[in-house]
Amino acid sequence: MWPLIPFRWINRRRHCFTVSKVVCVQQLHSSSTEFANIHYDGLYPGHIPTTTVQKALLSIGSGVAALQNPYRHDMVAVLGETTGHLALIKLRDRMRNDPEGYAVLTERPRIRLSTLDLTKMASLPDGSFGREYLRFLEDNDVTPDSRADVKFVDNEELAYVMQRYREVHDLLHTLLGMPTNMLGEVAVKWFEATQTGLPMCALGAVLGPLRLNASRLQSLFTSLGPWALQNGRCARCVLSIFYERRWEQSLEDLRRELNIEPPPVIPKAKKKKT
Amino acid sequence: MAASVRLLVRQAIRLSHRNITVTAAGVSARPSCRCFSESAEERSTHFGFETVSEAEKAKRVYKVFENVAQKYDIMNDAMSLGIHRLWKDMLLHAMHPQPGARLLDVAGGTGDISFRFLEYVRSQRERQQRRAVRFGQTLSLQDISNSYSTIETDGPRESTAVVCDINKEMLKVGKEKAESLGITAGLSWVVGDAEELPFDDDQFDIYTIAFGIRNVTHIDQALQEALRVLKPGGRFMCLEFSKVTNPLLARLYDAYSFQIIPVLGEVIAGDWKSYQYLVESIRKFPSQEEFKSMIEDAGFYCVQYYNFTGGVVALHSGFKL
């Protein structure tokens with residue numbers, strides 16, 4: 001019976017099974033788009049089911065768009081989602097095998113301004129993880145809410161892993177002590193590529209250096225790069241950490257626990273103009 | 001056997017989906033939902049392949065076009081590989097407007113039809129003037145002095161184009177485009193609903209609606225309004241995506257629409273869902289013959305349609321007599 005149904009059916013958004021299942025599920029992940037909140041008929045809010053052909057086209061298209069305009073973070077996100085299936089499965093399995101990672105997978109914490117207690121974090125002592133993270137957000141003028149929601153991952157748990165990876169990215173900047181300029185981002189990408197194995201990270205790690213000037217390239221290849229790779233290999237899986245319970249912990253202590261060495265040289269952070 | 005089973009399954013899914021959608025919407029917005037009530041909130045219509053209330057459809061269509069307005073022209077070029085320009089040129093060619101004509105371009109948004117119209121009548125006027133000069137060379141002195149007096153007293157009527165759209169974002173983009181192209185004379189921009197136009201009766205020579213009528217909630221009302229604002233002898237012209245007749249082309253077109261267009265929407269405009277809606281709304285629009293009878297029912301005469309690109313686009317034309 002099923003093979004006789006025309007191909008275009010698979011694309012139509014009326015999947016009766018997923019719709020009935022999904023309407024009963026509580027909205028665990030809040031989404032910013034209006035459409036997703038009221039009538040989501042994928043596996044999670046914001047989910048857009050896609051065929052293999054569409055994923056292939058998306059990955060190529062988003063790759064080209066991201067290369068042309070690196071400020072299109074949504075394209076980088078789409079590239080990650082469409083190419084990261086195998087890496088996400090490996091990551092999810094690593095998280096499951098770690099007790100803290102397992103807690104993250106079951107409790108599904110989200111890092112957004114609405115879930116963070118900023119005043120409490122500001123009152124923490126200097127050198128604590130929460131205080132340094134807040135300092136990083138202020139210095140670089142970024143907010144945790146700027147991460148795009150996951151759309152094209154066809155498994156609810158893997159979509160959460162992807163979302164967690166995105167939200168943990170800023171925390172990685174704090175842990176590694178890297179600013180958000182190009183050199184800092186490339187260093188973090190090298191770390192993430194070794195840690196997660198996501199093709200998008202690998203691509204960013206390879207293509208990012210193309211935009212660096214000579215002196216920064218030298219700094220990358222001689223000190224920052226090897227340091228990032230080394231740490232990526234030796235560190236604990238960064239997605240398995242329940243960061244929300246560790247704001248009071250000292251940054252040095254956390255780094256030691258995760259096997260992360262402090263950076264050899266910190267690239268000059270440009271204070272972003274407001 | 002398989003076909004009838006398929007039909008039953010399709011109906012069952014449609015019914016179950018409508019129930020689920022209505023219940024979900026009911027839980028979030030209204031406490032109860034009676035199916036036989038008269039108000040717009042309860043009457044349902046289609047939004048792409050989804051079933052929504054009529055009030056909701058208007059809102060969602062507005063949101064779609066608000067989101068796509070900035071990248072609308074780029075997306076049109078990308079999705080149709082530039083062929084949409086040919087379709088619009090063919091519309092103008094069929095229209096063949098004469099200088100002095102008044103155009104109402106409904107759902108005119110970014111102004112493509114109106115710009116082409118003004119360009120066309122301008123070149124028509126130039127051609128007329130050149131012809132007048134050429135043939136005027138053998139006129140007698142008396143005729144020449146007569147023509148001088150007509151120029152002073154009775155100037156030629158200027159063609160005007162009114163772009164009317166319900167969406168302010170689209171009009172904004174259109175105005176910016178007009179400024180950059182340097183087209184200002186004879187063009188005006190009006191916010192208005194195709195189902196309730198803010199114009200008096202018998203105002204316009206030509207009414208066009210290009211790729212807009214499938215987004216209107218009540219197409220018959222839009223047709224009635226078109227009839228109202230046209231002068232007697234005025235022409236209604238509608239360019240719209242329609243049913244492809246050739247089965248092989250239809251399958252290719254479907255595959256292209258559902259596989260590629262939303263991907264283009266995501267990559268270029270960062271908006272998958274709006275373009276998914278666009279391709280679904282094309283499928284929900286009536287066929288060429290059905291739409292022709294709708295136009296005839298509204299009161300137009302000499303209704304004809306022309307297929308472009310194998311039926312991908314159809315141009316419907318009717319006259320108010």
Side-chain angles (χ1 to χ4, degrees), chain A residues 1-24 27 33-42 46-66 68-69 72-75 77-79 81-82 148 151-152, chain B residues 1-3 5-6 8-10 12-29 47-52 56 59-60 63-64 66-67 78 250-251 253-277 279-280 283:
Chain A
M1 167 75 187
W2 282 112
L4 291 175
I5 289 185
F7 147 81
R8 60 179 179 272
W9 269 58
I10 301 167
N11 262 336
R12 288 192 190 173
R13 301 191 302 164
R14 300 195 207 178
H15 289 260
C16 60
F17 313 121
T18 50
V19 167
S20 51
K21 187 168 76 168
V22 133
V23 166
C24 305
Q27 288 196 12
T33 61
E34 219 182 78
F35 286 175
N37 271 331
I38 301 172
H39 293 290
Y40 70 85
D41 52 359
H47 180 215
I48 297 173
T50 42
T51 61
T52 323
V53 173
Q54 286 175 319
K55 286 207 180 63
L57 291 171
L58 271 173
S59 53
I60 298 171
S62 60
V64 169
Q68 276 189 331
N69 182 359
R72 282 214 53 195
H73 300 294
D74 59 331
M75 287 293 99
V78 168
L79 182 63
E81 288 169 31
T82 48
K151 290 194 283 238
F152 300 112
Chain B
M1 173 63 194
V5 171
R6 225 182 289 169
L8 281 172
V9 173
R10 212 178 283 177
I13 290 176
R14 204 179 300 139
L15 282 170
S16 70
H17 184 83
R18 186 179 298 153
N19 285 337
I20 288 165
T21 322
V22 165
T23 327
V27 162
S28 59
F47 178 77
F49 290 156
E50 257 185 86
T51 305
V52 297
E56 166 112 28
K59 255 194 294 176
R60 287 178 74 169
K63 200 100 222 308
V64 163
E66 203 179 46
N67 290 343
R251 286 185 61 182
Y253 179 53
D254 276 351
Y256 178 76
S257 297
F258 284 99
Q259 297 294 304
I260 303 200
I261 287 184
V263 172
L264 282 176
E266 179 68 30
V267 171
I268 299 177
D271 192 346
W272 176 287
K273 299 216 178 207
S274 294
Y275 289 90
Q276 181 79 29
Y277 159 72
V279 300
E280 290 179 356
R283 299 301 173 296

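As the structure is a prediction and not an experimental result, all values here were calculated from the model.
- Using a 4.5 Å cut-off between heavy atoms, B:Ile268 contacts chain A through its backbone alone, with no side-chain atom that close.
- Under the salt bridge (Lys or Arg N to Asp or Glu O under 4.0 Å) criterion, the residue pairs touching residues 258-269 of chain B are A:Lys151-B:Glu266, with sequence neighbours excluded.
- Counting only heavy atoms from C-beta outward, the side chains of A:Leu58 and B:Trp272 approach each other to under 4.5 Å.
- Between B:Val267 and A:Gly61, the closest heavy-atom pair is CG1-O, 3.5 Å.
- For A:Leu57, the parts lying near chain B are the backbone and the side chain together; criterion is any non-hydrogen pair under 4.5 Å.
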